[in-house]
Amino acid sequence: MATAFRPWFLLSCGLLLAAACHGLQVGFYQKTCPRAEAIVRAEVQKAVRRDPGLGAGLIRMLFHDCFVEGCDGSILLDPTPANPRPEKKGPPNDGSQRSYEVIDAAKRALEKACPGTVSCADVVAFAARDASDLLSGSRISFAMPGGRLDGRRSLESQTSVLPPPFANLNTLAARFAAKGMGVEDLVVLSGAHSVGRSHCSSFVAERIASPSDMDAGLAAQLRRQCPASPSLGNDPVVAEDAVTPNALDNQYYRNLLNRKVLFTSDAVLMSSAQTAGMVGDLARPDGTWEKKFAAAMVKLSSIGVKTGSDGEIRKKCRVVN
């Protein structure tokens with residue numbers, strides 16, 4: 001069977017992104033490794049039960065992988081003498097991106113069941129799908145196409161294309177447009193900030209030390225949690241959504257309406273009539289955001305997919321074959 005659960009929001013490349021999916025298809029491993037997706041899900045379940053933050057890390061990992069070099073598992077590659085500064089050493093990832101060990105565990109299990117069959121890029125995509133399902137209480141449940149190959153290149157310098165937490169709306173929209181994603185995708189995927197944690201250094205200078213529109217109560221709370229000048233040895237983490245910190249839900253949009261968000265890149269979604277209107281719509285408890293998030297995750301997972309001689313299926317996700 002293609003998935004370990006029954007999706008209520010089925011998506012396929014033909015339905016959503018006929019040109020961009022490059023041969024991706026739901027149930028890709030049905031014949032070659034029938035239990036592939038169930039194996040990944042089992043490892044994600046164990047991780048999320050142990051620490052919900054690992055699930056948040058898996059969702060973030062898909063975004064940070066796909067925006068750099070495409071969805072090719074390049075974020076997983078470790079430093080080597082020949083390449084001492086891969087993507088995971090870039091500023092957006094070093095010290096903040098987590099959950100690599102969940103991917104490692106899933107890949108080990110897959111190599112035992114179906115050696116050389118399932119790409120690390122697909123493991124990242126399936127794991128992000130499963131984390132979304134588990135952290136949302138199955139309100140975000142969808143089919144994730146497979147068929148990606150693993151890339152062989154990973155460079156710290158390429159991580160500069162990721163949208164920074166201090167970006168304004170024009171910068172955010174431009175970064176998304178460069179990847180074939182629209183403004184609505186930007187607003188919808190920002191909802192992932194309803195789960196997970198952030199280092200104080202990601203927002204203190206822009207949002208606490210400088211004048212901002214942040215809710216006074218939240219600002220006071222963060223001043224108690226964060227040092228005035230975070231440093232490498234003193235940079236605590238705080239919940240990105242203090243209301244429902246371990247749930248992937250649309251509380252993020254209600255937080256936005258109440259000016260209770262951490263990043264400048266969050267707050268700027270209220271700076272235009274277009275995006276503010278989207279925020280208001282997505283804040284409603286009618287399931288709209290959950291459906292749109294599912295669709296946006298599939299669209300995200302189709303960026304820059306490697307095919308043919310462009311990629312490989314790594315035996316171990318941290319090193320090229």
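Using a distance-only test at 3.5 Å, with no hydrogens or angles considered, no donor-acceptor pair links the side chain of T275 to the main chain of S271. Side-chain atoms of R148 come within 3.5 Å of backbone atoms of S301 as a donor-acceptor pair (strictly under, hydrogens ignored). Here the side chain of N93 pairs a donor or acceptor atom with the backbone of E87 at under 3.5 angstrom. Not one N or O on the side chain of S201 forms a donor-acceptor pair closer than 3.5 Å with the backbone of P230. Between the side chain of R207 and the backbone N or O of S212 there is no donor-acceptor pair closer than 3.5 Å. In terms of modelled atom types and a separation under 3.5 Å, the side chain of R139 and the main chain of S136 share a donor-acceptor contact. Side chain of N250 to backbone of W289: no donor-acceptor contact under 3.5 angstrom is found. When atom types are taken as modelled, the side chain of S141 and the backbone of S138 share no donor-acceptor pair closer than 3.5 angstrom. Between the H199 side chain and the D235 main chain, a donor and an acceptor come within less than 3.5 Å of each other. Of the possible donor and acceptor atoms, none in the side chain of S74 sits under 3.5 Å from a partner among the backbone N and O of S154.
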Quiz item: What's the verdict on side chain to side chain contact (heavy atoms under 4.5 Å, CB included) for L54 and V44, showing C-alpha distance, side-chain angles and the deciding distance?
Solution: CA-CA 8 Å; L54 292 170; V44 175; over 6 Å; no
Quiz prompt | Criterion side chain to side chain contact (heavy atoms under 4.5 Å, CB included) on V195 and Y252, from CA distance to verdict | solution = CA-CA 9 Å; V195 70; Y252 167 79; over 6 Å; no
Self-check item: Verdict with reasoning, R129 to E37, per side chain to side chain contact (heavy atoms under 4.5 Å, CB included)
Solution: CA-CA 10 Å; R129 180 270 315 273; E37 295 187 44; 2.8 Å; yes
Self-check item: L58 vs V102, side chain to side chain contact (heavy atoms under 4.5 Å, CB included): CA-CA, chis, key distance, verdict
Solution: CA-CA 8 Å; L58 291 168; V102 185; 4.0 Å; yes
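Taking hydrophobic clusters as Ile, Leu, Val, Met, Phe, Trp and Tyr residues chained together by side-chain heavy-atom distances below 4.5 Å, L149 does not share a cluster with M144. When hydrophobic clusters are built by joining Ile, Leu, Val, Met, Phe, Trp and Tyr residues whose side-chain heavy atoms come closer than 4.5 Å, directly or via intermediates, V319 is not grouped with I75. At a threshold of 4.5 Å between side-chain heavy atoms, the hydrophobic network of Ile, Leu, Val, Met, Phe, Trp and Tyr places M270 and Y253 in one connected group. Hydrophobic cluster membership differs between V123 and L77, with clusters built from Ile, Leu, Val, Met, Phe, Trp and Tyr side chains linked at under 4.5 angstrom.
Contact check for I59 versus M297: side-chain heavy atoms found under the 4.5 Å cut-off. Contact annotation: the side chain of Q25 never approaches that of P145 to less than 4.5 Å [non-hydrogen atoms, C-beta and beyond]. Two residues are said to be in side-chain contact when any heavy atoms from C-beta on lie closer than 4.5 Å; R284 and T288 fail this criterion. In this structure, V237 and S198 have side chains that are not in contact, with every pair of non-hydrogen atoms separated by 4.5 Å or more. At a threshold of 4.5 Å between non-hydrogen side-chain atoms, the residues R41 and L134 count as touching. With contacts defined as side-chain heavy-atom distances shorter than 4.5 Å, the pair S231/N234 qualifies. Between D133 and F142 the shortest side-chain heavy-atom distance does not fall below 4.5 Å. Between F293 and S132 there is a side-chain heavy-atom pair separated by less than 4.5 Å.
Taking Ile, Leu, Val, Met, Phe, Trp and Tyr as hydrophobic and joining them when side-chain heavy atoms fall under 4.5 Å apart, one finds M214 in a cluster with F203, V204, I208, L218, L222, V238, L262, F263. Its side chain outside the 4.5 Å cluster rule for every partner, L155 clusters with none of the Ile, Leu, Val, Met, Phe, Trp and Tyr residues.
Using a 4.0 Å cut-off between charged nitrogen and carboxylate oxygen, R259 and D213 do not count as a salt-bridge pair. A salt bridge links R153 to E69: at least one charged side-chain nitrogen sits closer than 4.0 Å to a carboxylate oxygen. One finds a salt bridge joining E111 and K107 here, because a Lys/Arg side-chain nitrogen approaches an Asp/Glu carboxylate oxygen to under 4.0 Å. Ion pairing between D65 and R60 fails under the 4.0 Å rule for side-chain N and carboxylate O.
Atoms CZ and SG, from R108 and C317 in turn, are 10.0 Å apart once rounded to the nearest 0.5 Å. Between atom CD of residue E43 and atom CG of residue D130 there is a gap of 11.0 Å, rounded to the nearest 0.5 Å. Distance CD1/I39 to SG/C114: 5.5 Å, rounded to 0.5 Å. Atoms CG and OG, on L62 and S99 in that order, are 12.0 Å from each other to the nearest 0.5 Å. Rounding to the nearest 0.5 angstrom, the gap separating the OG atom in S157 from the NZ atom in K89 is 15.5 Å. Rounded to the nearest 0.5 angstrom, M61 CE and C66 SG are separated by 11.5 Å.
Between V268 and S265, the shortest heavy-atom distance links the atoms CG2-O, 3.5 Å. The minimum heavy-atom distance linking T117 with I313 is given by the pair O-CD1, 3.3 Å. Closest approach of P79 to P86, counting heavy atoms only: N-CG, 3.6 Å. When all heavy atoms of C33 and L110 are compared, the closest pair comes out as SG-CD2, 4.4 Å. A pairwise comparison of heavy atoms in A131 and G55 identifies CB-O, 3.5 Å as the closest pair. Taking every heavy atom of both residues into account, V118 and A36 meet most closely at CG2-CB, 3.9 Å.
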Which side-chain N or O atoms in residues 241-249 pair as donor and acceptor under 3.5 Å with protein atoms at least two apart or in another chain?
unit_1, atom_1, unit_2, atom_2, d
D241, OD1, V243, N, 2.9
D241, OD1, T244, N, 3.4
D241, OD1, N255, ND2, 2.9
D241, OD2, T244, OG1, 2.8
T244, OG1, D249, OD1, 3.2
T244, OG1, D249, OD2, 2.9
D249, OD1, Q251, N, 3.1

Tell me which donor-acceptor pairs under 3.5 Å the side chains of residues 161-185 have, and how far apart each pair is, sequence neighbours excluded?
unit_1, atom_1, unit_2, atom_2, d
N168, OD1, N170, N, 3.2
N168, OD1, T171, N, 2.8
N168, OD1, T171, OG1, 3.0
R175, NH1, S160, O, 3.2
R175, NH1, V161, O, 3.4
R175, NH1, L162, O, 2.8
K179, NZ, F67, O, 3.1
E184, OE2, K292, NZ, 3.0
D185, OD2, G182, N, 2.8
D185, OD2, K299, NZ, 2.8

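Taking the side chain to side chain contact (heavy atoms under 4.5 Å, CB included) definition, one finds that R318 meets it with D78, K88, Y100, D104, sequence neighbours left out. In terms of the side chain to side chain contact (heavy atoms under 4.5 Å, CB included) criterion, residue partners of D150 (sequence neighbours excluded) are, by chain and number, S119, C120, A121, E312, R314.
More than 12 heavy-atom neighbours from other residues, nucleotides or ligands sit within 6.0 angstrom of NZ on K306.
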